[in-house]
2 protein chains.
Amino acid sequence: MNKINNYEEQCAFQEILKIIGGKWSMSIIYILFSGKKRFNELQRTVPHINTRMLVKELKNLAEYKIISRKVFATVPPTVEYSLTEKGKKLEPIINDFYNWGVDNLYEYPGK
Amino acid sequence: MNKINNYEEQCAFQEILKIIGGKWSMSIIYILFSGKKRFNELQRTVPHINTRMLVKELKNLAEYKIISRKVFATVPPTVEYSLTEKGKKLEPIINDFYNWGVDNLYEYPGK
DNA sequence: GTAGCTACTTTCAAAAGTAAAGTATTAAGA
DNA sequence: TCTTAATACTTTACTTTTGAAAGTAGCTAC
């Protein structure tokens, strides 16, 4: 177990947050827990995201090997996004995080 | 256990991220795991944060009862920030999140 | 009377995000 | 043949958010 107790470790934490701490990253990752998705499918599923931001986020997540991008030479083109092993490891963490939020911040209708 | 599997639940998740998914929130919360801190102390401890953003984040976290703000009528004034019970519950989650990052994204010197 | 302390606030420029329309490639229908 | 449609982006113009730096208030010690 690592503990953040000095400035250097704080910086490491901020590096991590820079990669998956943004407005859209976790939402996209969460959706991919249920399996691979195509671009338009993600766009329909992530509430309020716009094309430019989805492209940017997918590029970023792929760069850090959290998701992988698979292109099929069909017409029109098909692109599939899915979680890598690294990405899949986030499932219990993001689940806990979401549940904390539901219990402590936001009461959604079905609770 | 809650699962995000529809649009409505995605929106709930985004509400949660709006509150603690920002660039600075988790860094501040993490520092407060080690106990109450004063304003200038936080400013020195959170790398690269500026006054304006620290004020804004502390106000936001206090609004959602994740931290509490205690003012002492000393000269010069003293203000103490600490985690509420809600906030303390984030400790294992943010710890796991940080450890995931260290293992999968960022290798800090002491690892 | 001047400098210093804390916890902010204000101002303005820079960066990031949003909305809407456009692009390439092919294929199917009128 | 000409129009429409589909996917996965790109581009442009605009708005919002963030950041850096300086300023404020109230008192105190030198």
Side-chain angles (χ1 to χ4, degrees), chain A residues 7 10-11 13-29 31-32 35-64 66-83, chain B residues 7 10-11 13-29 31-32 35-64 66-83:
Chain A
Y7 189 85
Q10 274 298 328
C11 287
F13 191 36
Q14 295 197 348
E15 289 297 312
I16 295 161
L17 290 172
K18 223 182 272 176
I19 297 162
I20 41 163
K23 186 175 176 182
W24 303 110
S25 324
M26 286 211 213
S27 275
I28 295 167
I29 293 167
I31 286 162
L32 292 174
K36 62 190 178 192
K37 297 277 179 295
R38 294 175 58 183
F39 186 88
N40 279 351
E41 207 171 351
L42 283 168
Q43 181 138 345
R44 280 190 302 271
T45 320
V46 180
H48 314 301
I49 199 168
N50 64 47
T51 316
R52 194 174 160 285
M53 280 298 110
L54 183 55
V55 170
K56 223 179 148 200
E57 267 310 318
L58 290 171
K59 198 174 284 178
N60 177 62
L61 292 172
E63 186 185 339
Y64 287 96
I66 295 163
I67 64 170
S68 68
R69 184 175 183 274
K70 205 169 174 184
V71 185
F72 297 91
T74 56
V75 171
T78 300
V79 183
E80 264 179 20
Y81 294 93
S82 59
L83 291 171
Chain B
Y7 189 86
Q10 275 297 328
C11 287
F13 191 35
Q14 294 197 348
E15 288 297 312
I16 293 162
L17 289 171
K18 223 182 274 175
I19 297 162
I20 41 164
K23 186 173 175 183
W24 303 110
S25 324
M26 287 211 215
S27 276
I28 295 167
I29 293 168
I31 286 161
L32 291 175
K36 63 191 177 190
K37 296 277 179 296
R38 295 174 58 183
F39 186 88
N40 279 350
E41 208 170 349
L42 283 169
Q43 182 138 344
R44 279 191 302 271
T45 319
V46 180
H48 312 303
I49 199 168
N50 63 47
T51 316
R52 192 176 157 287
M53 281 297 110
L54 183 55
V55 170
K56 222 181 149 201
E57 266 311 319
L58 290 171
K59 199 174 285 179
N60 176 62
L61 292 172
E63 185 185 339
Y64 288 94
I66 295 163
I67 64 170
S68 68
R69 184 175 182 274
K70 205 170 175 183
V71 186
F72 297 90
T74 55
V75 170
T78 301
V79 182
E80 263 178 20
Y81 294 93
S82 59
L83 291 171

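A note on names: the letters A, B, ... follow the listed sequences, proteins ahead of strands, and every chain is numbered from 1. Please read all numbers here as calculations on a predicted model, not as lab measurements.
F72(B) comes within contact range of no nucleotide atom at all, as no heavy-atom separation falls under 4.0 Å. Using a 4.0 Å heavy-atom cutoff across all strands shown, T74(A) reaches no nucleic acid atom at all.
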Test side chain to side chain contact (heavy atoms under 4.5 Å, CB included) on K23(B) and L17(A); report intermediate values, then the result. CA-CA 7 Å; K23(B) 186 173 175 183; L17(A) 290 172; over 6 Å; no
Side chain to side chain contact (heavy atoms under 4.5 Å, CB included) between V79(B) and L58(B), worked out: CA-CA 11 Å; V79(B) 182; L58(B) 290 171; over 6 Å; no
Please assess R38(B) against T78(B) for the test side chain to side chain contact (heavy atoms under 4.5 Å, CB included), listing each intermediate value before the final yes or no. CA-CA 7 Å; R38(B) 295 174 58 183; T78(B) 301; 3.4 Å; yes
Chi angles and distances behind the side chain to side chain contact (heavy atoms under 4.5 Å, CB included) call for I66(B), N60(B): CA-CA 9 Å; I66(B) 295 163; N60(B) 176 62; over 6 Å; no
Reading nucleotides 19-30 of chain C from the 5' end, what letters show protein touch, with B for base, S for backbone sugar-phosphate only, - for no heavy atom under 4.0 Å? B------S----
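Proximity of a side-chain donor or acceptor of E57(B) to a complementary backbone N or O of I28(B) within less than 3.5 Å is not detected.
Here the closest non-hydrogen pair linking I20(A) and M26(A) is O-CG, 3.8 Å. M53(B) approaches I49(B) most closely through the heavy-atom pair CB-CG1, 4.1 Å. Here the closest non-hydrogen pair linking S27(B) and V46(B) is CB-CG1, 4.2 Å.
Ring geometry, Y7(A) versus H48(B): the interplanar angle exceeds 60°, so the pair is classed perpendicular (tilted spans 30 to 60°).
Each of T78(B) and M53(A) was assigned the nucleotide of DNA chain C with the nearest heavy atom; the assignment lying further toward the 5' end belongs to T78(B). The residue among R44(B) and V55(B) whose nearest nucleotide of DNA chain C lies closer to the 5′ end is R44(B).
Between its two ends, the helix from dG1(C)-dC30(D) to dA30(C)-dT1(D) turns its axis by 20°, counting five pairs per end and rounding to 10 degrees.
In this structure, CG in L61(A) is found 13.0 Å from CZ in R69(A), a value given to the nearest 0.5 Å.
Checked for salt-bridge contact, E15(A) and K18(A) meet the test: a charged N lies under 4.0 Å from a carboxylate O.
The distance between atom NZ of K56(A) and atom C1' of dT18(C), rounded to the nearest whole Å, is 11 Å. Residue Y81(B) contributes atom OH, which lies 14 Å from atom P of dT6(C) at whole-angstrom precision. For the pair E57(B) CD and dC8(C) P, the interatomic distance rounds to 14 Å; values are reported in whole Å.
In terms of phosphate contacts, K59(B) brings no side-chain nitrogen or oxygen within less than 4.0 Å of OP1 or OP2 of dA7(C). Dashed line: the shortest gap from a side-chain N or O of W24(A) to OP1 or OP2 of dT18(C) is under 4.0 Å.
Extent of DNA chain D lying under 4.0 Å from chain A heavy atoms, first and last nucleotide in 5' to 3' order, is dA6(D) to dT12(D).
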